[in-house]
K.L.:
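The structure is given below, and queries will be raised subsequently.
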Amino acid sequence: MNKDELVFLEKIASTDIFLYNKDSIKTILDSPKHYNHGLMIRAAKLSREGFYSLVKYNSGYMLLVPLAKENGLILSPKIDSLNNSENSFSNIDFINHSTSLAKLAYFLYKKESAPNWNLVIYNLNEINDPVQQVQPMKNLHDFHRYANKMVDSFAQLDDKKFKIYINKMKNCQVFGNALTTSNIIRGEKDILIDIISKLTDRAEKEGLPFEKVVFIQSLSVQKIELQANILNFNGWLEEIPYTYFNELKKWRENLFIDKADKIERYLRRNSRENIKLKDIGNELEISEQSLNTIFKKKYGMTTKKYLTQLKIENAKELLTTTQLKIHDISEYLSFIDESYFISTFNKACGMTPSKYRQNYIEKLLNKKSV
């Protein structure tokens with residue numbers, strides 16, 4: 001294993017790499033990372049020899065690369081607290097390059113050619129038989145029928161039915177040659193673009209702002225057309241509809257909340273960023289001059305103070321659930337520098353970040369000794 005090469009892979013692929021075995025997860029590089037140990041253990045148990053596995057959890061993915069019977073690599077996209085439509089497009093990029101990424105990681109770790117295994121996809125919250133990306137289309141008629149029902153449940157924001165019909169669409173195993181036998185890749189793209197067209201038309205009818213609809217449509221089509229081929233078709237088939245679903249849901253929720261709550265939601269969604277009043281005003285179409293007045297009337301503090309509180313809460317979680325250095329946490333939460341982070345944390349919590357972490361570890365040790 002060449003660590004320098006794996007560090008390079010992490011950087012160019014914006015991915016964290018871990019080593020798993022039967023019941024543990026550990027980093028294989030020197031830099032500590034923020035990760036959910038329990039979640040990764042659950043995902044690792046789905047790994048199967050002879051397959052690369054893509055595991056969906058909540059709104060993200062993990063890629064499992066078996067090295068031997070009970071151990072292998074986990075590749076996970078860098079964490080990001082932003083909750084907007086671009087996250088789905090990041091997922092699509094990760095999905096589309098998952099097989100080549102798995103093979104590259106395998107080669108760099110073992111220094112031998114990676115096997116030409118098929119990719120299987122699991123949903124960690126709905127464990128059942130994995131979806132394999134190897135079968136041809138079976139039933140185009142049912143696929144389009146389920147697609148129309150999926151669009152109807154999208155308009156109703158019925159998450160349960162929306163998910164059901166997406167799964168039914170995937171089970172039809174339409175992988176592109178449904179529309180053309182002479183050009184499978186073009187057929188795959190056409191099917192996805194047809195889904196985009198259906199969702200775009202319905203989103204406009206449901207009142208989603210035109211500029212938002214056009215942005216999702218153009219970026220989705222651009223992503224598809226730029227691909228030399230459509231790998232992991234079912235991943236695209238899920239992520240693109242959910243991009244529309246999440247945007248419509250967010251827009252409808254915003255219709256029924258007041259300006260102060262809109263500001264609060266924006267701050268919470270972007271709490272790791274260095275947000276300025278101008279950013280909030282531009283996003284929510286509220287004048288900078290009135291922002292703090294509106295927010296303070298309901299929440300009793302300025303947006304800056306509220307954002308600082310959110311950052312401190314995030315810092316506490318990182319201090320107690322990861323081995324990240326103080327400097328790394330400061331940088332991740334967009335503080336000006338480490339010294340400012342320490343002084344801000346100390347002022348809010350009455351102790352330094354290091355002392356907070358030390359106290360937490362001591363409490364855990366005391367519980368275990370009882």
Side-chain angles (χ1 to χ4, degrees), residues 54-61 82-96 121-131 133 137-176 178 188-210 212-221 223-224 230 232-257 265 269:
L54 197 61
V55 180
K56 180 175 176 61
Y57 66 97
N58 299 330
S59 59
Y61 287 87
L82 294 179
N83 181 22
N84 54 43
S85 58
E86 294 186 9
N87 277 350
S88 292
F89 295 118
S90 297
N91 284 338
I92 288 172
D93 288 337
F94 187 72
I95 291 166
N96 200 53
I121 302 179
Y122 295 93
N123 189 323
L124 200 59
N125 299 320
E126 302 171 4
I127 300 302
N128 44 35
D129 293 333
V131 178
Q133 305 292 294
M137 182 280 297
K138 284 187 175 180
N139 197 327
L140 181 60
H141 175 75
D142 282 349
F143 178 86
H144 285 300
R145 182 161 57 88
Y146 294 139
N148 289 331
K149 288 182 178 294
M150 178 271 292
V151 172
D152 287 340
S153 23
F154 154 70
Q156 298 162 11
L157 289 181
D158 187 331
D159 194 19
K160 186 177 180 180
K161 288 184 178 179
F162 187 71
K163 189 178 297 183
I164 287 172
Y165 289 122
I166 286 177
N167 287 334
K168 285 182 178 291
M169 289 163 64
K170 290 191 289 188
N171 289 336
C172 287
Q173 297 180 347
V174 181
F175 295 108
E188 290 173 331
K189 291 182 177 181
D190 287 344
I191 289 176
L192 291 172
I193 290 172
D194 180 63
I195 295 295
I196 290 168
S197 178
K198 285 181 169 69
L199 288 164
T200 297
D201 289 344
R202 195 56 178 268
E204 282 192 79
K205 289 178 181 176
E206 295 303 317
L208 191 63
F210 177 75
K212 179 60 71 175
V213 175
V214 170
F215 171 78
I216 300 173
Q217 180 187 35
S218 59
L219 193 53
S220 299
V221 172
K223 289 275 185 184
I224 291 168
I230 300 295
N232 312 322
F233 181 86
N234 280 344
W236 289 73
L237 198 58
E238 179 164 351
E239 289 301 321
I240 286 176
Y242 264 106
T243 302
Y244 282 84
F245 188 95
N246 292 334
E247 285 297 335
L248 182 61
K249 183 179 180 181
K250 185 170 67 175
W251 177 73
R252 283 190 181 167
E253 287 174 348
N254 284 339
L255 290 177
F256 301 104
I257 61 175
R265 288 190 178 196
R269 285 201 308 269

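Values in this document were obtained by computation on a predicted structure and should not be read as measured data.
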K.L.:
Between CG of D201 and CD1 of I196, what distance do you get to the nearest 0.5 Å?
P.N.:
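It comes to 12.0 Å.
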K.L.:
Rounded to the nearest 0.5 Å, what separates atom CG in N246 from atom CG in L157?
P.N.:
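These two atoms lie 9.5 Å from each other.
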K.L.:
How about I195 and M150: do any of their side-chain heavy atoms sit closer than 4.5 Å?
P.N.:
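In short, these two side chains touch, coming nearer than 4.5 Å.
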K.L.:
Quick check for you: to the nearest 0.5 Å, what is the distance between H144 atom NE2 and I191 atom CD1?
P.N.:
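Reported value, rounded in 0.5 Å steps: 6.5 Å.
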K.L.:
Do K198 and N148 come within less than 4.5 Å of each other through their side chains, counting heavy atoms only?
P.N.:
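K198 reaches N148 side chain to side chain.
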K.L.:
Answer whether the closest heavy-atom distance between the side chains of Y242 and K163 falls below 4.5 Å.
P.N.:
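Sidechains of K163 and Y242: in contact.
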K.L.:
If you define the side chain from C-beta out and look only at heavy atoms, does anything of S197 sit under 4.5 Å from I193?
P.N.:
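No, their side chains stay 4.5 Å or more apart.
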K.L.:
Are any of the side-chain heavy atoms of E188 and L192 separated by less than 4.5 Å?
P.N.:
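Not in contact.
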K.L.:
May I ask you to test the Y61-E239 pair for a side-chain heavy-atom distance under 4.5 Å?
P.N.:
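SC-SC contact between Y61 and E239 confirmed.
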K.L.:
What residues form a side chain to side chain contact (heavy atoms under 4.5 Å, CB included) with A203, not counting sequence neighbours?
P.N.:
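Counting only residues at least two positions away or on another chain, A203 forms a side chain to side chain contact (heavy atoms under 4.5 Å, CB included) with F154, L208, V213, Y244.
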K.L.:
Hey, does E238 have a side-chain heavy atom less than 4.5 Å from the side chain of N234?
P.N.:
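Not touching, per the 4.5 Å side-chain cut-off.
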K.L.:
Is there a side-chain contact between L237 and F143, using heavy atoms and a 4.5 Å cut-off?
P.N.:
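When only atoms from C-beta onward are counted, F143 and L237 do touch, with a gap below 4.5 Å.
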K.L.:
Return the set of residues passing ring-ring contact (aromatic ring centres under 6.0 Å, His included) with Y146 (not counting sequence neighbours), or none when no residue passes.
P.N.:
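Checked Y146 against ring-ring contact (aromatic ring centres under 6.0 Å, His included); zero matches.
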K.L.:
Can you measure from CZ (F210) to OG1 (T200) and round to the nearest 0.5 angstrom?
P.N.:
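Between F210 CZ and T200 OG1, I get 10.0 Å after rounding to 0.5 Å.
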K.L.:
Decide yes or no on side chain to side chain contact (heavy atoms under 4.5 Å, CB included) for I224 and I240, but give the supporting numbers first.
P.N.:
CA-CA 10 Å; I224 291 168; I240 286 176; 3.9 Å; yes
K.L.:
Answer yes when D152 and K149 have at least one side-chain N-carboxylate O distance shorter than 4.0 Å, and no when they do not.
P.N.:
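Result for this pair is no, no salt bridge flagged.
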K.L.:
Can you name the residues that form a salt bridge (Lys or Arg N to Asp or Glu O under 4.0 Å) with E206, not counting sequence neighbours?
P.N.:
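With neighbours one apart ignored, the set is R202, R252.
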K.L.:
Without swapping roles, check the side chain of N171 against the backbone of N167 for a donor-acceptor pair under 3.5 Å.
P.N.:
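Yes; at least one donor-acceptor contact below 3.5 Å.
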K.L.:
Could you tell me whether K250 and E253 make a salt bridge, using a distance below 4.0 angstrom between a side-chain N and a carboxylate O?
P.N.:
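Looking at E253 together with K250, the answer is no, because their closest N to O distance does not fall below 4.0 Å.
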